[in-house]
Peer 1: 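One structure, pasted below without further comment.
Keep in mind that the numbers below use all heavy atoms, side chains included, and drop hydrogens, waters and symmetry copies. Below, read A as the first sequence line, B as the second, and so on, with proteins coming before strands; counting in each chain starts at 1.
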Amino acid sequence: MTTRTFPPLHEQMDVIRRGAAEILPEEDLVRKLEHSLQTGIPLRVKLGCDPSKPDLHLGHSVVLRKLRQFQDLGHQAILIVGDFTGMIGDPSGRNKTRPPLTLEETRENGRTYFEQASRILDPKHVVIQYNSDWLANMRFEDVIALAAKVTVAQMLERDDFEKRYRNREPISLHELLYPLAQAMDSVAVRSDIELGGTDQKFNLLIGREIQREYGQSPQVILTMPLIAGTDGTEKMSKALGNYIALDENPNDFYGKVLSIPDHLIVPWFSILTDAPPEHVERIHKDILAGKNPRDAKRELARTLVAAYHSTEAARAAEEHFDRLFREKLPPEEIETYIHSPESGEYLLDILLKTGLISSKNEGRSLIKQSAVSIDGERVHDPLMRVPDTPECVVKVGKRRFLRIRRADTNH
RNA sequence: GCAGAGGUACCGAAGUGGCCAACCGGGACAGACUGUAAAUCUGUUGGCUUUACGCCUUCGAAGGUUCGAAUCCUUCCCUCUGCACCA
């Protein structure tokens, strides 16, 4: 363990507090930071990741960004891949038990998780641990002893369990063990601080209790607010489809940000970007003063795309968006399908084959709704064939395009 | 184990022998409109085709009754509640 120097206490606290929902207990954090300042030993900051759903989105970025801040302050980031707990399935926020994964699947997912998280974290200074390393070796009596440390009433306090119980939805016994497993992770890595969304508060607190049982100084817990998804009401989650993935391509990323309701502009700005608080405040005032929120939203979209891709990509995405939706022109790059006239294919066949429609019925109904056009001409006939031109562009709905090129045309 | 309730399309939820490919709501998709992929209004939302009151597959699973079943019967699987049992 190398020793190092850290920024002064109040500076660290300022950074750590920014955007946090809760720090419990704050005095412990101060104490731990002071200790680290004196000894030069970094704090061990734990974040658990759930390998059952390895697609990270902006919701995850909130807590990852916080972890990054700890890294930048000189502390040790510890990422726990829940490969073992993935076999249990975390019930949070969902009313269906997850299908259990195999250990191999969770390992693989853990890898892609880390890849995506590296867009935010400093990947060189992360310790990655797989919790099967310690959980898989526990004996049944160890598990029972662990389970004895909490009561059923405590477990049922957890909002998700309580709700499901009240709604007479199934709760499997093994789900109750999840918080305990997560707590064992804290014991295993001797975490000083554990990060999580506010929905994790319960689990994080159990970690404190169990660490104490094992004679460790309990971790400080730091929760981050959950952000609303693109629909503006529900929290961002993959299950609800209101998310923006971290590896979303720049164009979709930009477009999805622009589609959020106006009231999310300020919260997203302040929690998802590095924009200084004064700047966010300025934007907030401008909007209240009647400035068109579109401009702020465009800036937000550019900022986010720039953070996850590049400034260049952000500009290109904005141009692409304007081209498509303001000027209603086809995009510059369109997938091309080579068509041989003698094949006798109907337009619908081609659209189905290229995935622009998922069934011919869908295609027919889209044609009926005048959602299909060729080179700007509306298609009305479901038995339409490809026009006898070297090349044409088919548009389905607002966003689906296909260039069809005749096979004999040289290019 | 006993008793009661229940399992319907992406989700929620109607439907208890034919008019059911299945009301309605959400979501999704589309058209109009718009600063926007927002809001609003309208439409579509199992598949196939010769687009038709046509054909095929679907209402936990498998069988059966019937001219005809999501709807009735049998067996099985699963969930919830209560009781019983219980280290």
Peer 1: Rounded to the nearest angstrom, tell me the gap between atom CG in A:Leu366 and atom P in B:U44.
Peer 2: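 It is 13 Å, rounded to the nearest whole Å.
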Peer 1: Any Lys/Arg nitrogen of A:Glu22 or A:Lys201 sitting under 4.0 Å from an Asp/Glu carboxylate oxygen of the other?
Peer 2: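 Result for this pair is yes, salt bridge flagged.
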Peer 1: Less than 6.0 angstrom separating the ring centers of A:Phe325 and A:Phe321, yes or no?
Peer 2: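 Yes, the ring centres sit under 6.0 Å apart.
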Peer 1: Name the pairing partner of B:C67, where a pair is Watson-Crick or G-U wobble with both distances under 3.5 Å, or state none.
Peer 2: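 Paired with B:G18.
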Peer 1: Could you measure between the two C1' atoms, the one in B:U50 and the one in B:A32, and give it in whole Å?
Peer 2: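 Each nucleotide's C1' atom is 33 Å from the other's.
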Peer 1: Between A:Ser370 and B:G31, is there a side-chain N or O to OP1/OP2 distance below 4.0 Å?
Peer 2: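 False: A:Ser370 side-chain N/O out of range (4.0 Å or more) of B:G31 OP1/OP2.
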Peer 1: Is there a Watson-Crick or G-U wobble partner for B:C33 with both distances under 3.5 Å, and which nucleotide is it?
Peer 2: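 With both distances under 3.5 Å required, B:C33 matches none.
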Peer 1: For A:His380 and B:A30, what is the distance between atoms NE2 and P respectively, to the nearest whole Å?
Peer 2: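 So the NE2-P distance, A:His380 to B:A30, works out to 18 Å.
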Peer 1: Quantified in whole Å, what is the C1' atom distance between nucleotide B:A21 and nucleotide B:U8?
Peer 2: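 12 Å, rounded to whole Å.
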Peer 1: Could you identify the nucleotide paired to B:C23, looking across every strand shown and requiring Watson-Crick or G-U wobble geometry with both distances under 3.5 Å?
Peer 2: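 Because no pair has both required distances under 3.5 Å, B:C23 counts as unpaired.
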Peer 1: Could A:Arg158 and A:Phe161 be counted as a cation-pi pair, given that NZ or CZ must be under 6.0 Å from the ring centre and within 45° of the axis?
Peer 2: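 Yes, A:Arg158 sits over the ring of A:Phe161.
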Peer 1: Whole angstroms only, please: what is the NZ-P distance between A:Lys360 and B:G47?
Peer 2: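 One finds 13 Å between P of B:G47 and NZ of A:Lys360, rounded.
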Peer 1: Less than 4.0 Å between a side-chain N and a carboxylate O, is that true for A:Asp72 and A:Arg68?
Peer 2: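 A salt bridge links A:Arg68 with A:Asp72.
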Peer 1: Can you figure out which of B:C48, B:C29, B:A32 approaches the side chain of A:Arg378 most closely?
Peer 2: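 Of B:C48, B:C29, B:A32, B:A32 is nearest to the side chain of A:Arg378.
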Peer 1: Does B:C48 have a Watson-Crick or wobble mate here (both distances under 3.5 Å), and if so which one?
Peer 2: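 When the pairing criteria are applied, B:G54 turns out to be the nucleotide that pairs with B:C48.
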Peer 1: CD of A:Glu169 versus C1' of B:G6: gap in Å, rounded?
Peer 2: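 Value for this atom pair: 13 Å.
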Peer 1: Considering Watson-Crick and G-U wobble pairs with both distances under 3.5 Å, what does B:U79 pair with?
Peer 2: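 When the pairing criteria are applied, B:A5 turns out to be the nucleotide that pairs with B:U79.
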Peer 1: In whole Å, what separates the P atom of B:G63 from that of B:C48?
Peer 2: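 About 27 Å, rounded to a whole number of Å.
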Peer 1: Roughly how many Å apart are B:A61 and B:C11, using the P atom of each and rounding to a whole number?
Peer 2: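 After rounding to an integer number of Å, I get 14 Å for this pair.
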Peer 1: In whole Å, I'd like the distance from the CG atom of A:Leu173 to the P atom of B:U79.
Peer 2: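 In whole Å, B:U79 P lies 13 Å from A:Leu173 CG.
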Peer 1: Say we look at B:U81 and B:A22: how far apart would their C1' atoms be, to the nearest angstrom?
Peer 2: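 Nearest-Å result for B:U81 against B:A22 at atom C1': 30 Å.
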Peer 1: Tell me if the centroids of the rings in A:His75 and A:Phe6 come within less than 6.0 Å of each other.
Peer 2: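 For A:His75 and A:Phe6, the ring centres are under 6.0 Å apart.
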Peer 1: Scan nucleotides 33-43 of chain B nucleotide by nucleotide, 5' to 3', and note B when protein non-hydrogen atoms come under 4.0 Å of the base, S if they reach only the sugar-phosphate, - if neither.
Peer 2: -BBBBS----B
Peer 1: Could you tell me whether A:Tyr165 contacts a base, only the sugar-phosphate backbone, or nothing, with contacts defined as non-hydrogen atoms closer than 4.0 Å?
Peer 2: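 The residue A:Tyr165 makes sugar-phosphate contact but no base contact.
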Peer 1: Using heavy atoms to find the nearest nucleotide of RNA chain B for A:Arg400 and A:Ser358 separately, return the residue whose nucleotide is more 5′.
Peer 2: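 The residue whose closest nucleotide sits nearer the 5' end is A:Arg400.
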Peer 1: Can you tell me the base-pairing partner of B:A84? Count Watson-Crick or G-U wobble geometry only, both distances below 3.5 Å, and say none if there is no partner.
Peer 2: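 The answer is none; no pair meets the criterion.
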Peer 1: Could you check whether A:Arg107 makes a cation-pi contact with A:Tyr130, meaning its NZ or CZ is under 6.0 Å from the centre of the six-membered ring and within 45° of the ring axis?
Peer 2: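 Yes - A:Arg107 lies over the ring of A:Tyr130, closer than 6.0 Å to its centre and within 45° of its axis.
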Peer 1: Please confirm whether A:Tyr308 and A:Phe253 have ring centers closer than 6.0 angstrom.
Peer 2: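 When the ring centroids of A:Tyr308 and A:Phe253 are compared, they turn out to be within the sub-6.0 Å range.
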Peer 1: Over how many whole Å does the gap from A:Leu383 atom CG to B:C48 atom P extend?
Peer 2: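 After rounding, the gap between these two atoms is 14 Å.
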Peer 1: Output all residues satisfying ring pair (Phe, Tyr, Trp, His ring centres under 6.0 Å) with A:Phe202, sequence neighbours left out; order by chain, then residue number.
Peer 2: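 A:Phe202 satisfies ring pair (Phe, Tyr, Trp, His ring centres under 6.0 Å) with no other residue.
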Peer 1: Atom CG of A:Asp381 and atom P of B:U49: how far apart are they, to the nearest Å?
Peer 2: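 To the nearest whole Å, that distance equals 14 Å.
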Peer 1: Please lay out, stage by stage, how A:Asp83 and A:Ser132 fare under the test side chain to side chain donor-acceptor pair (under 3.5 Å).
Peer 2: CA-CA 6 Å; A:Asp83 63 338; A:Ser132 60; 2.6 Å; yes
Peer 1: Find the distance A:Leu352:CG to B:U49:P and express it as a whole number of Å.
Peer 2: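 Taking atom P of B:U49 as the reference, CG of A:Leu352 is at 9 Å.
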Peer 1: With both distances under 3.5 angstrom, what nucleotide forms a Watson-Crick or G-U wobble pair with B:U74?
Peer 2: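 When the pairing criteria are applied, B:A62 turns out to be the nucleotide that pairs with B:U74.
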Peer 1: Does A:Arg166 reach a base, just sugar-phosphate, or nothing at all? Heavy atoms under 4.0 Å.
Peer 2: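 Counting heavy atoms under 4.0 Å across all strands, no contact is made by A:Arg166.
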